[in-house]
Structure formats: structure tokens, C-alpha cells
Amino acid sequence: MLSQIKDLAANLAPRLIEIRRHLHSHPELSGQEYQTAAYVAGVLSSCGLQVQELVGKTGVVGELPGIGEDARLLAVRTDMDALPIQERTGLEFASRQIGLMHACGHDVHTTVGLGTAMILAQLGIPLPGTVRFLFQPAEETAQGASWMIRDGVMQGVTAIFSVHVFPTIAAGSVGIRYGALTAAADDLEITVIGESGHGARPHEAIDAIWIASQVVTNLQQAISRTQNPLRPVVLTIGQIQGGRAPNVIADQVRMTGTVRSLHPETSAALPAWIEQIVANVCQTYGAKYELHYRRGVPSVQNDLHLTQLVEAAASEAWGSDRVQILLEPSLGAEDFSLYLDHAPGTMFRLGVAFDDKPNYPLHHPQFHVDEKCIVTGVVTMAYAIYKYWQTKN
Ligand code: NI
């Protein structure tokens with residue numbers, strides 16, 4: 001089966017590169033993936049899948065029915081949106097949209113999803129159960145997964161696979177991560193409310209700037225002294241505003257920030273813990289506060305058995321020296337985690353680095369990929385799907 005999948009992928013490679021270049025030249029912003037979605041739907045229909053458009057606003061779902069021997073339903077999730085970045089790769093198929101670029105590899109993810117669907121449709125051996133391909137919009141704004149889920153795409157799904165490009169792994173290799181892959185990412189907004197006064201008479205005022213700086217310092221120190229160092233927490237205050245004149249004590253300071261954590265228990269406890277520190281500091285110095293803690297996406301926790309399955313598929317396909325076990329998670333965020341509230345799943349990393357050219361990080365205006373990664377991605381995904389049906393129900 002593996003050699004059949006590899007042969008099909010090799011034959012499809014020129015077409016897949018054409019698809020990827022088309023997507024790369026025509027990036028669309030999160031939630032506006034109309035052309036991309038229509039294109040994806042067209043490719044899926046042409047390989048005989050049952051296609052539903054406008055799922056999760058601008059998402060697409062393609063279903064490849066099995067013969068019904070196995071009631072399980074496997075989903076494959078990819079994302080389609082681009083970023084508001086002006087591309088500087090100089091490639092002949094560079095973005096044709098000013099200020100928009102596929103700088104996070106979602107063009108590659110979409111191509112891998114399509115290529116996997118093409119291969120499974122062409123295998124000539126029907127699968128025992130159904131595979132549902134999810135092409136989601138708006139991953140960059142962490143909205144698309146919840147839109148798709150609201151429209152019912154996870155109904156009946158028993159396992160879900162996904163993939164993300166990784167610029168520090170060589171093209172031709174994949175990265176496998178057990179446990180936490182990405183962080184929970186939440187938003188924080190704190191307003192410290194003091195009382196204005198003359199800059200020369202601090203005892204008659206409540207200095208919101210000084211108290212806000214105590215809040216920031218306390219939060220940072222409290223992380224190092226009260227949080228388990230093996231369960232990382234990153235709190236970044238990225239914005240601070242307050243005060244109007246050099247000789248007037250500020251009555252209000254507004255701060256916004258991002259809070260990242262990996263462990264679900266830590267994540268659950270963070271809002272109350274942060275509020276306690278803010279409340280205590282403000283109370284000590286007579287200030288009031290407002291705190292808004294907005295949950296973003298949870299941490300992606302890769303399922304043990306499905307991760308073992310993808311690792312085995314990749315090792316058989318490429319040899320274990322081209323399968324890197326990633327020892328560290330990322331503190332980036334990924335809304336794939338929202339699907340994992342409904343079914344176990346795993347996301348693998350797809351190496352895209354050139355071995356003879358400089359490589360750039362994700363979201364960089366010169367980010368580029370060695371396109372041989374596409375075949376690596378589709379074979380790994382298609383073979384993992386094949387192997388899924390061999391596992392016990
Ligand atoms: Ni991405």
C-alpha cells in the first residue's frame with residue numbers, strides 16, 4: 001500500500017506544485033477566503049468527493065465515503081488563510097495581492113489536504129470508513145475552527161489529523177511531538193484606576209502609573225515564585241497607556257497583554273490567580289481596577305496513540321532518520337486545539353527548509369518552502385489515514 005501511495009504522490013507532484021503556486025499567488029485574508037474556497041471545492045469535486053461549501057463561513061468540507069464496514073469517521077484538517085504581510089520572496093509565483101501573503105504555509109497545508117484526498121480517491125481500494133476533509137478559514141485570527149465546529153463538522157468524528165509547516169526542519173523530514181504541541185493563548189486587559197493630583201503632592205493622589213508598574217512587576221515575579229517551573233507560563237504586557245502631563249499624577253492606566261501556558265490545569269487556574277495579584281496590589285495602595293480575561297485557544301495536546309500512528313507511518317515511508325521527535329513544544333497558538341475538545345487528534349510538523357538556501361521564520365516576508373515537502377506531507381498523511389483503518393475500533 002505504501003508503495004502505491006508513494007507512486008501516486010510522485011505522479012501527482014507536478015499538479016500539486018501547480019495547485020500550491022496558484023494558492024500562493026492568490027492569498028486571501030482570514031474570513032475572506034472566497035476564491036480559495038471555490039478553488040478547493042473545484043479540485044475536491046473533480047476527484048469525486050462530496051463537497052459542501054460555505055461551512056464555517058468560508059470553509060469547505062469534502063467527504064470521501066468508505067464502504068461502511070467501519071463506523072469510525074476520520075477527519076483531516078487544513079487551513080486556508082493568509083497574512084497581512086507584503087511578500088518579499090521575489091518568486092515568480094509570489095503573491096499578486098499587495099500586502100497579503102501566505103507566510104505561514106497555509107497554501108502548503110491546503111495542498112497537502114487536496115493531495116491526500118486525490119491519492120485516497122485514486123487508490124482504487126475503498127476505505128472501510130469515511131474520511132472528512134476540513135478546509136477551514138481564519139486560523140490566523142483563531143476564529144475558523146469554532147465557526148466550522150458550530151456548523152457541525154465534528155459530528156461523528158472519531159479522530160482528527162492535521163499538519164503545519166516547520167521552517168527549522170529540512171524538507172523531506174517530519175517532526176512528531178508527543179503531548180503539548182502549542183500553548184493556550186489568552187488575552188488580558190487590565191485598567192488600574194487611581195486618583196489624579198498635582199505631581200508635587202503624591203500624598204493627595206492615587207498614582208495609577210506607579211501602581212500599574214507594581215502590578216506588572218508583581219505578576220512577573222509571582223510567575224517565577226508561585227508557578228511550577230516545569231509548567232511554563234508566559235505573561236507579556238504588550239501595551240501600556242496612561243497619564244496626560246509630566247506634572248499631573250495619572251488617574252488611569254490601561255494595559256493589554258497575552259498569557260501563554262501549556263498545561264491544561266495551569267491554564268484553568270490562571271484567570272483567578274492573575275486577578276488575585278492585581279486585586280491585592282491595587283487594594284494595598286487604594287486603587288480600583290477592571291480586569292478582562294478573554295480565553296483564546298487552548299493548548300494543542302496530541303493524542304498518544306494517534307501520534308504513534310503518524311510516527312510509524314512517517315518512519316515506514318521515509319526512514320526513522322527523517323522523523324524528528326520534537327523535544328520541545330511551541331508557545332505559539334493554534335486553533336486546531338478546539339477540534340480536540342470533540343475528538344482525539346494529532347498534528348505533525350512538516351519540514352520545509354532548503355538545504356542550500358537561507359530559511360526564514362513563519363510570518364516573515366521572505367518565508368519560503370522547499371516544495372519537495374508537499375510529497376512528504378501527502379504521503380505521510382495518506383499512509384497515516386490508511387493505517388488508521390488497520391487499528392482496532
Ligand atoms: Ni499557521
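Note that ligands are numbered from 1 as they come in the structure, with each ligand's atoms numbered from 1 the same way. Because only heavy atoms are used, hydrogens play no part in the values below, and waters and symmetry mates are left out as well, while side chains stay in.
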Only one of L340, L181, V310 passes side-chain contact (heavy atoms from CB on, under 4.5 Å) with T346, and that residue is V310
So the ring pair (Phe, Tyr, Trp, His ring centres under 6.0 Å) pairs with at least one residue in residues 98-154 (sequence neighbours excluded) are H106-H109, H106-H164, H109-H164
Residues pairing under ring pair (Phe, Tyr, Trp, His ring centres under 6.0 Å) where one sits in residues 318-359, two or more places apart or in two chains, turn out to be F354-H368
By salt bridge (Lys or Arg N to Asp or Glu O under 4.0 Å), R231 pairs with (sequence neighbours left out) E265
Inset, instruction - Answer yes or no: is there a side-chain heavy-atom contact under 4.5 Å between D341 and M154? - result: no
Notebook entry, point to check: Are side-chain heavy atoms of V379 and L2 found at a separation under 4.5 Å?
Noted result: yes
Atoms of type N, O or S from the protein that sit nearer than 2.8 Å to the Ni ion (ligand 1) number exactly 3
